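Here is the structure we will look at.
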Amino acid sequence: MSESSQVRVRFAPSPTGFFHIGSARTALFNWLYARHVGGTFVLRIEDTDKARNTDESLRVLLEGMRWLGLNWDEGPEVGGGAGPYFQSQRADIYAAYRDRLLASGRAYEKDGAVWFRLEGERYTAYDDFKKSEVEKVRSKPIVIEDAVRGRVERSEETDFVIFRNTGDPVFHFVNVVDDIEMGITHVIRGEDHLSNTSKHAELFQAFGAPLPQFAHIPLILKQSGPGKMSKRDQGALIEEYAKRHFLPEAVRNYLCLLGWNPKDDREKMPIEDIIEAFDFKGINKGNARFDERKLSSLNTEYLRELPVESFAWLARPVLAEAKVLDEAADEDYLQKVLKLCQPKARSIEDLPDYLAYFFREDFTQDPKATKKIAGRSDFTEVLDLLVALLSDVEPFEVPNLEATLQAAADAQGAKVFSWFPVLRFALSGQSGGPDLLPMLTVLGKDRVLARLARSLDAAAH
RNA sequence: CUCCCGUUCGUCUAGCCAGGUCCAGGACACCGGGUUUUCAUCCCGGCGACAGGGGUUCGAAUCCCCUACGGGAGGCCA
């Protein structure tokens, strides 16, 4: 058997119809830790809010998890010995736990709801937040040894509801009951739950259950402006990155680096290496601001090193969808274009714009390039020259092209590089792009000469 | 209002626990130079931070205290 441990962690999302980037990272950190120690990663669905569309919401969630490669050992669709893994199916478990508290006097009914009873001296005081007199309790402080933050001490000071008057249990209660029932040993979650932990610890203690190891990870803040990222923020949802054809490995790698790092300056890392290096010591305390530019940069790196076949496999449907490719597109030609463009491409999402001119004659001309290049006084002169030179190149291959152009330039004491922008612009409408000479051979002699002629024609009018 | 957590370049961060090797290192972005016959490639360089104040110490980014700022929580939401 391979190494395994008794460690059990869980990711317990509430299906909302979105897979938020912060949730995704919480899932990721749990998964990483489980894989690092050879433990068990449980996926538990907190679907207690019946109002939400659970089928569709669950699908979004599971798809997002799979897209990021976060496989779970127990949970929906895979089962496990601690199920059911949907809170909506665990009502009798919650009722049994509630009754235990009722029986032991640690819970009582009031206003149709069930309240947890804190232990300690009671007094009433005006609460400036609730704007009313409140019964408070001098309870024994709860001390948590958080794996990320160290010792954190806090006390609950008011009894709290564990079952609503509707008969439904509340989050804090089901969360703790499920963690006990499912044998969760490590609770890795966002720092927004740190203050709730005293409440959870009270419940664990009331049930005579040992506290799990807590690890509160920093939050992800908006790219700009105050506060944590919310669903409404640009770039806050995992499904956006899938739709925009980011590579999941890149997104996952970037997420790993938000709040964790291996301390040795490695950034782009295979997931196996991250799993190996991942531990609580590497997790930061401070919140992190999401930066799409850095994500993009990582994504580009991953893109560049993809086998050309994979790159093509990813690119093809995107180009088809953008109508860059028509049904008559030649497969062999497409492969050549993609092979040429992959080393320079920044993203799959921008690929249609980047290489449309390979497939369409009605390509657009970049305004800046037009001004800079087509506005040159020698523009038509150079075009004339290029038509004359390139017409005679046979075969139309890089060495010949290079030799012909260089010879002509030498003969008239000109610089070859001064012609290149003109040539590229006439062929693509751009000032930049893939390597020019190979680009000529991919486009082919006929297409090249035709575009030069057309450009010349346009310049004459 | 109360409590909890945090604070190193614009951003992600290393260094802090075990004070000196840090006039603070890396990455993204930005700027400049070079290479490349072109380029959104590649290489080199630059810009740029220890929140502020006290203290401890021969010496503090590192330890202690205070302040400021940021974040979170305080629901019969999760």
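Everything numeric in this text was worked out from a predicted model, so none of it was measured. To find a chain, count down the sequence lines: A is the first, B the second, and so on, and within it residues start at 1.
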Query raised in the report: Has Arg100(A) got its NZ or CZ under 6.0 Å from the middle of the six-membered ring of Tyr97(A), at an angle within 45 degrees of the ring axis?
Result: yes
Below 4.0 Å: OP1/OP2 of [N] and any side-chain N or O of [X]:
| X | N | result |
| --- | --- | --- |
| Lys263(A) | U13(B) | no |
| Asn284(A) | A14(B) | yes |
| Arg164(A) | C77(B) | yes |
| Lys130(A) | G75(B) | yes |

**Report entry** Whichever of Ala345(A) and Phe420(A) has its nearest RNA chain B nucleotide further upstream toward 5'
**Finding:** Phe420(A)
**Report entry** RNA chain B: 5'-proximal contact among Pro218(A) and Pro13(A) (nearest heavy atom)
**Finding:**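 So the residue in question is Pro218(A).
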Check every atom of [options] against the side chain of [X] and return the nucleotide holding the closest atom.
| X | options | answer |
| --- | --- | --- |
| Leu219(A) | G71(B), A40(B), A78(B) | G71(B) |
| Asp111(A) | C76(B), A73(B), A40(B) | C76(B) |
| Glu191(A) | C5(B), C76(B), C12(B) | C5(B) |
| Ala113(A) | C76(B), C1(B), A73(B) | C76(B) |
| Phe171(A) | A78(B), U37(B), C4(B) | A78(B) |
| His172(A) | U41(B), G6(B), A78(B) | A78(B) |
| Arg154(A) | C42(B), U13(B), C3(B) | C3(B) |
| Val170(A) | G71(B), A78(B), A40(B) | A78(B) |
| Asn196(A) | U41(B), G72(B), A78(B) | A78(B) |
| Asp192(A) | U13(B), C5(B), A73(B) | A73(B) |

Query raised in the report: For the base of C5(B), is there a side-chain donor-acceptor partner from Lys285(A) under 3.5 Å away?
Result: no
Report task. Mark yes or no for a side-chain to base donor-acceptor pair under 3.5 Å between Ser195(A) and G74(B), with no hydrogen or angle criteria applied. Result -> no
Quick one: are [X] and [Y] in side-chain contact, heavy atoms under 4.5 Å?
| X | Y | value |
| --- | --- | --- |
| Leu423(A) | Leu440(A) | yes |
| Asp435(A) | Val398(A) | no |
| Ile21(A) | Tyr241(A) | yes |
| Ser428(A) | Met439(A) | yes |

What's the shortest heavy-atom distance between [X] and [Y], and which atoms?
| X | Y | value |
| --- | --- | --- |
| Ala369(A) | Gln430(A) | CB-C, 4.0 Å |
| Asn253(A) | Lys268(A) | OD1-CA, 3.4 Å |
| Thr26(A) | Ile188(A) | CG2-O, 3.7 Å |

Requested in this report: For RNA chain B, determine which residues of residues 23-30 of chain A have any heavy atom closer than 4.0 angstrom to one of its atoms, and list them numerically.
Outcome: none
I need the [atom1]-[atom2] distance between [X] and [N], as an integer number of Å.
| X | N | atom1 | atom2 | result |
| --- | --- | --- | --- | --- |
| Met229(A) | C12(B) | CE | C1' | 14 Å |
| Lys281(A) | A18(B) | NZ | C1' | 13 Å |
| Leu221(A) | C69(B) | CG | C1' | 13 Å |
| Arg289(A) | C12(B) | CZ | C1' | 12 Å |
| Phe290(A) | U13(B) | CZ | P | 13 Å |
| Asn287(A) | G72(B) | CG | P | 8 Å |
| Glu292(A) | C12(B) | CD | P | 15 Å |
| Glu305(A) | C42(B) | CD | C1' | 16 Å |

Would [X] and [Y] count as a close aromatic pair, with their ring centres under 6.0 Å?
| X | Y | value |
| --- | --- | --- |
| Trp260(A) | Phe278(A) | yes |
| His193(A) | Phe171(A) | yes |
| Tyr302(A) | Phe246(A) | no |

Mate of [N] where both pairing distances stay under 3.5 Å, Watson-Crick or G-U:
| N | answer |
| --- | --- |
| C30(B) | G46(B) |
| U56(B) | none |
| U36(B) | none |
| U2(B) | A73(B) |
| C17(B) | none |
| A68(B) | U7(B) |

Report summary line: Its contact letters, B for base, S for sugar-phosphate only and - for none at protein heavy atoms under 4.0 Å, make nucleotides 25-36 of chain B read BBBSS-------
**Report entry** Gap in Å between the two P atoms, one belonging to C44(B) and one to G26(B), rounded
**Finding:**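 About 12 Å, rounded to a whole number of Å.
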Report task. Taking atom C1' in both U11(B) and A73(B), compute the distance separating them and give it to the nearest angstrom. Result ->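 It works out to 27 Å between them.
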Query raised in the report: Do any N or O atoms from the side chain of His20(A) and from the backbone of Met229(A) form a donor-acceptor pair under 3.5 angstrom?
Result: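 Checking the backbone N and O of Met229(A) against the side chain of His20(A), a donor-acceptor pair under 3.5 Å is found.
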